[in-house]
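A short write-up of the structure that comes next.
Count residues from 1 along the sequence. Read the numbers this way: they start at 1 and go in the same order the structure lists the ligands and their atoms.
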Amino acid sequence: MIENRKLEHIKICIEKDVASHYNYWDDVILKHETIPAVDLDDISLEVEFLGKKLNAPIIVDAMTGGHRIARKINESIARACEALGIGMAVGSQRAAIEKRELEDTYAVIKNYDVPLRLGNIGAPQLALGYGEEEIRRAMEMVDAHALEIHFNYLQEAIQPEGDTKVGNLREILKELAHKFPLIAKETGAGISRKAGEFFKDAGFKAIDVSGVSGTSFAAVEYYRGGKAGEIFWDWGLPSPYVLIILKDLDIPLIGSGGIRNGLDAAKALALGARVVGIAREVLPAALNSAEAVIKRLEEIIRELKIAIFLTGARNVEEMRDTSYVIRGELQQWLKQC
Ligand SMILES: Cc1cc2nc3c(=O)[nH]c(=O)nc-3n(C[C@H](O)[C@H](O)[C@H](O)COP(=O)(O)O)c2cc1C
């Protein structure tokens, strides 16, 4: 059952080490500016993303829905996002599409004034027959401003019961992207340049890069019995690498995959992300309470402000011009890209 699987994912992500073995954000160094441009208190984190104003360039990214504990997690996150004025995505809505009585585990977020609400559906489900009706239902369920379509073929391939059909997915996506505000999203293996070009041409509104550095879904599935998960643990494109190779496509990018703190977030902005997506870093707090999520996110927001201050920028927009140094493994990736 999907509900049980989703619960297992949460449990594994809390109790086990599911991180990729290398965090590529450590290979991005922002350059210090000796005399900051403005007072720390005057650094502005406000951004507009997909037509919505956010108080900070942060989205708590897709994690869950479909069971009682997920309802609590989604509610804690939504309450925190309302309080902080930032965006939120729910996890895959497939469970509720297939079982209406689970809808409230996602719809609970509508009780909060979250400035940017994102729904979430898997691309493999589109390949297997989901269409306009399911997309409409998913969006209405959370009163979504846009819908993330997640591409998780790595996870599906490792999972014993995975959906690995692709079929005429590209044609389906082209049609849907003209009718709905869609965001193309990975789940930890990164969006390739070829796919990025396709999404841009098809009319997707944004790309959530979710590359290698943080949560590895090969690892998660390994703990669920997918033996190949150990082999493919670190498979995929590094998150900062994806931002660099997609930057000139001129489509709004969500920098995600392995963001642990506000400094990582600042690095993502410097590499071209319009906002950042954070998932597992807030999960333990979300299991606890909305207050705990607010506390964790406030720490991240403060670190982000400090990083912007110390690079001599005044706001998120100016972070795009910040200079940085790339070293280590990430440098190797860029040399051979
Ligand atoms: C417990 C958990 C459940 C997730 N479920 C979904 C999901 O249903 N749909 C989706 O698009 N991504 C899902 N993700 C992936 C995240 O949205 C994100 O892309 C990925 O975890 C990388 O970010 P992180 O390193 O900050 O965790 C999930 C992540 C976690 C930790």
Would you call D42 and R314 a salt bridge, taking side-chain N to carboxylate O under 4.0 Å as the test?
no
E48/K52 salt bridge by N-O under 4.0 Å criterion:
no
Does a side-chain N-to-carboxylate-O contact under 4.0 Å join K295 and E298?
no
Heavy-atom contact check, 4.0 Å cutoff: does E281 meet ligand 1?
no
Salt bridge (charged side-chain N to carboxylate O under 4.0 Å, His left out) for E171 and K174? Distances and angles first, verdict last.
CA-CA 5 Å; E171 298 315 309; K174 275 187 210 162; 3.6 Å; yes
Check each atom of ligand 1 against the heavy atoms of G91 and keep those under 4.0 Å away; list them by number with element.
8 (O)
Salt bridge present between R94 and E98 (N-O < 4.0 angstrom)
yes
Closest to atom 5 (N) of ligand 1 (judged by heavy-atom distance), picking from R260, M63, Q93
M63
Electrostatic pair E8-R5, nearest N-O below 4.0 angstrom
no
Flag the pair R79 and E75 as a salt bridge only when some basic side-chain nitrogen lies within less than 4.0 angstrom of an acidic carboxylate oxygen.
no
Polar atom proximity, H9 to ligand 1 (N or O, under 3.5 Å):
no
E148 side chain near D61 side chain, heavy-atom distance below 4.5 Å
yes
Using a strict 4.0 Å cut-off to heavy atoms of G257, name the atoms of ligand 1 that fall inside it.
22 (C), 23 (O), 25 (O)
Pair E161 + R224: basic N to acidic O under 4.0 Å
yes
So is N120 close enough to ligand 1, meaning a heavy atom under 4.0 angstrom away?
yes
Side-chain contact test, heavy atoms from C-beta onward, threshold under 4.5 Å: evaluate it for V90 versus L118 and give yes or no.
no
What protein heavy atom sits nearest atom 12 (N) of ligand 1, and how far away is it?
K185 NZ, 3.0 Å
Where is the nearest protein heavy atom to atom 27 (O) of ligand 1: which residue, which atom, and how far?
T215 OG1, 2.5 Å
Look at E140 together with R136 and state whether they make a salt bridge at an N to O cut-off of under 4.0 Å.
no
Taking the side chain as every heavy atom from C-beta outward, state whether R193 and V242 have any pair of such atoms under 4.5 Å apart.
no
Quick check: does G188 get an N/O under 3.5 Å from an N/O on ligand 1?
no
S210: numbered ligand 1 atoms lying under 4.0 Å from its heavy atoms
18 (C), 19 (O)
Quick one: which ligand 1 atoms are inside 4.0 Å of a heavy atom on S92?
7 (C), 8 (O), 9 (N)
the protein heavy atom lying closest to atom 20 (C) of ligand 1 turns out to be T187 O, 3.9 Å
Going by heavy-atom distance to atom 28 (C) of ligand 1, choose the closest among A279, A62, A19.
A62
Which of the atoms in ligand 1, numbered in the order shown and given with their element, are less than 4.0 Å from a heavy-atom of E186?
19 (O)
If we number the atoms of ligand 1 from 1 as shown, the ones under 4.0 Å from a heavy atom of C13 are 1 (C), 31 (C)
Those atoms of ligand 1 less than 4.0 Å from some heavy atom in G214:
25 (O)
Below 4.0 angstrom from a heavy atom of G258, which ligand 1 atoms are there? Numbered from 1 as shown, please.
24 (P), 25 (O), 26 (O)
Does the N or O separation between K6 and ligand 1 drop below 3.5 Å for any pair?
yes
Distance-only N or O hit between ligand 1 and T64, under 3.5 Å
no
